Every structure is written in structure tokens, then in C-alpha cells.
Protein chains: 2
Amino acid sequence: MIRPVQAVATVKDEAMRTMNVQDQVLRAALELFSTRGYATTSVQEIVVAAGVTKGAMYHYFASKDDLLFAIYERMLSLQKARLDEIVAAGTERGDAVEDVLRAVCEDVVTTSIELLPEGTVFTRSQHMLTAERQAEVKRRRRAYHDDFESLLLRGTKEGVFRDDVPTAVLIAHFFSDVHYLPQWYSPTGPETAAEVAGQLTELFLRGIRAAASQDPGKD
Amino acid sequence: MIRPVQAVATVKDEAMRTMNVQDQVLRAALELFSTRGYATTSVQEIVVAAGVTKGAMYHYFASKDDLLFAIYERMLSLQKARLDEIVAAGTERGDAVEDVLRAVCEDVVTTSIELLPEGTVFTRSQHMLTAERQAEVKRRRRAYHDDFESLLLRGTKEGVFRDDVPTAVLIAHFFSDVHYLPQWYSPTGPETAAEVAGQLTELFLRGIRAAASQDPGKD
DNA sequence: CACCACAAACCGACCAGACGGTATGGAGGA
DNA sequence: TCCTCCATACCGTCTGGTCGGTTTGTGGTG
């Protein structure tokens, strides 16, 4: 179990909140898991990189697995919150489905680029979690996909999205792009996150639009 | 180093070529690596599953890493061979670029579905290989992508593929689908491999086609 | 302000077990 | 006799996790 962060009252002026044990440990764990991999990173290496001792770490985390799950937890809740927010805003404004979907897609790509190390760990280490937590991750991913799917279904019902390809395939088609980002995208590369988000989203949308509705209007 | 398979001369009639140590070990390793993961599978478990002893296994393989690399080696050379073959045949027949690309895409999706366990290991365990072998895998993947890219560039030069999205993004867009297959596709699911191959390929091609094939003098 | 009591934070030596890999030697064909 | 193939016992190392004990911070009390 991850205990809540308690206030470390006295703040030494030489080191601000950098001293927080939990944050330091999680930061180091993310860095090491994403570069060396979960299984090949020892708890010793993590605590050394975090500048704390094993005793301190195990005071706040029950197991190495906790460190890994914290990465999943953060990513899952963040992405879900953003999805809900965008869909809610779009629905309230009465936006067209395609516009809502575009906003969702661009946002998840952008967010995933901001969380590249997390994404690396996410796809690579799912099977290292305990069985219960694997199930939990699976459950929450399904919930996310279900929300995404209802957007697609709304679009097909309105006739703007094609209906000759199963939604499961369309969903996989899009999220493949998202999950593949850590494998190729580099922040120091030629394209900005926003550009890639726009490009991948546009590729996806063009693929799923109903054949009849060819819209010349472009941005 | 993986020693070449030597002829196991005496074939006991109760077990035919099932006895081959190398095959049995590699089969078991693939099965276990793809379900439990490389790091969490011990050599003991592998040899037990293969029905051999550790001594026998280490007689043919120098290390656990060899077992892992064999999976990569097999997949890389197989996919590369098929790509070369299809491109060569298409070029010889003078097929249109889009037809060649379609054939390539459908084939790699189909093949990847036939090798789902290998694909699982491929994306998940790359960082567990020795540094040299990681570089080797990277090198051969790049070679594959380069061939793929020249198809795309041919298409853009001919004006049938769009030129407003970097080829690197287009390549990532397609191979994301391929690498994501083990995460969602099930052979027992509703779609056949050929169907999915056709659908994903069509989604991709529709995304990358030049906006107006009838419309010259654009930009 | 001095002092105490107490709990939370933290330290680091230690452990039991598992791991990848090896050393040794035997069986059996050539 | 030699060599390949393989079985078995074994080894050194490293791991995640524990635990008794110490330090540090804090609030109450006089």
C-alpha cells in the first residue's frame, strides 16, 4: 500500500521539496524501469539513484511491485480524467462527433508524448505486475476503450464514420499509434508533439470516415 | 553462439523428431517467454517444460540470452525474406506501387498474426538482450524500414501518396498496427487473420493516399 | 523556555532462497 | 580410445524483503 504523502514540515533551505522520499524514489524508479527494465533493476539501484536507503524506501512502499504499479496508476487516472473532461466539454458545447474525437485523439497522443518513459514501462512491464493488478489495469483500459468506442458508434450511427470495419479493429488501429510512440518518437527529433498528434489523428480520421462524406474543408 | 543443428542420428520409434533437444527447448522458451516473460522465466522451468535437462540445454546453447535472440533472429529473417520476395515479384511484374505496398502490408500483418507469441516477446523483451544484440536487432529493423520507406517514397514521387506527412511518421503509423497485434488480436475472436490484414491495410492506405488523385497542380 | 514522552522516519546489516551457469563424469557410437 | 551428448551435483552471486535499533520532530507540561 502506498501511504499518503505526509507533510515534511521543516524545509531545509539547501534542498527544497527535492528531499521528499516518495517522489525521489518514484522518479528514480521510473527512470530506471524505462531504461533498464523492471526485472533488471534492483531495489538497491533504485534507492541509490534516489539518494535514500532501503529502509526509508520500504517505510513508504510495501514492495517493488508498488513502485511499478504507481506508474500505471498515475497514467491510467490521468488519461481517463482527460478523456472524460474532453468528451464532457464537447458534449456540452454540442460539438460534432468528429471534432470531439479529433480533440480526444490529439490529446492522448500529446499526453503520451509527455509521458514517454511511463509509456515505455506501460507496454513493456504489464506482465510483471501481480495478477490482481494486471487485472486492474486491464479493467481500466477496457473502461477507457469503452468510452472511446461510444464515440465511434455515435459517429457510425450519424453516418460520418464507416461501419464496414468492426469498432474493435478501429480502436486497436488508433491505440496502436499511441502505444508505439515510445518506440520511435524522440523529443529532439524533427517533429513537435503537437505536429505528430495532428498528423496521426488526421491519418486515423481519414481512415475511418464514411466513404461518402468527403469533406474538402481542411484546416 | 547457437550451434548448428546436428543430425541426431538414432531416432527412437516411440518419439520421432519430437526428441530434438534444440527444437523442444526453443519451443518451450517461446511459450514461457511469451506468457510469463523473459526475466521471470528460469532456465529450470524451460528445460522442465522442454523435457530435457539443464546439461543438455547448455550443451546446445551458450546462455539464456541465446534462447531469446533465437526468437528475434527467426522473426527478423523471416519477415525480411518475405518483404524482399514480394517487392521483387511486384517490381518484376511492373505492379503499381500501391498494389505492391498493399501486398506487403497484408503479408506482414498476416505473418505477424501467425507469430503472435513471437511478437509478444519481440516488443516486450528487446531490452533484455545483450547490448550488441539489441544493436543488431535495431540495425535489421532499420534495414526493413528502409525498404518499406523506399516504397512510400516511390509512391509520393508518383503522386499517389501524400507528401505532407514525413515518411517516418507514416512508417511508425503502419508498424504500430503490426506491433500492437499481440495485445488485442485473438485467433479465436470474430475476425480471421486475412480479414484483419485487409482491414488494417485498407485503413493505412486510405490514410496515406494523396488527397486528390484527379487533382494536379496542388500545393 | 526546558524538559519529557512518544511516534514517525529512517538506517543498514542481515537472511533465505533462487538464479544462471559450470564441473565432472558416464554412456555409447565410431 | 576418442568424441559427442547429456545427467547430476554443485557454486558464487545477487535479490527482494526484514528487523532491531537509532535519530528526528512534535506537542504537552510545568
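On a predicted model such as this, the values are computed, not experimentally measured, just so you know. All values below were derived from every heavy atom in this structure, side-chain atoms included, with hydrogens, water molecules and symmetry-related copies excluded. Letters go in sequence order (proteins before strands), and every chain restarts at 1.
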Please lay out, stage by stage, how B:Thr201 and B:Glu106 fare under the test side-chain hydrogen bond (donor to acceptor under 3.5 Å, both in side chains).
-> CA-CA 6 Å; B:Thr201 299; B:Glu106 289 187 353; 4.7 Å; no
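If you check distances only, the side chain of B:Lys54 does reach the base of C:dG21 with a donor-acceptor pair under 3.5 Å.
A:Arg140 and A:Glu73 are joined by a salt bridge, as a carboxylate oxygen and a charged side-chain nitrogen come within less than 4.0 angstrom of each other.
Here C:dC19 presents its P atom at 14 Å from CE of B:Met128, a figure rounded to the nearest Å. Between the P atom of C:dT22 and the NZ atom of B:Lys64 lies a distance of 15 Å, rounded to the nearest Å. Atom CG of B:Asp65 and atom P of C:dC19 are 18 Å apart (whole Å). Here D:dC6 presents its C1' atom at 14 Å from CZ of B:Phe61, a figure rounded to the nearest Å.
Positionally, the nearest nucleotide of DNA chain D for B:Met57 lies more toward the 5' end than for the other of A:Thr41 and B:Met57. Mapping A:Thr53 and A:Gln44 onto DNA chain C via the closest heavy atom, the residue that lands nearer the 5' end is A:Thr53.
Close to C:dA9, at under 4.0 Å from its OP1 or OP2, lies no side-chain N or O of A:Tyr58. Within the structure, a side-chain polar atom (N or O) of A:His59 is placed less than 4.0 Å from OP1 or OP2 of C:dA9. Taking only side-chain nitrogens and oxygens, A:Tyr60 never comes nearer than 4.0 Å to OP1 or OP2 of C:dA8.
Using cut-offs of 30° and 60° on the angle between ring planes, the pair B:Phe174 and B:Phe204 is tilted.
Across all non-hydrogen atoms, the minimal contact from A:Ser112 to A:Val178 is OG-CG1, 3.3 Å.
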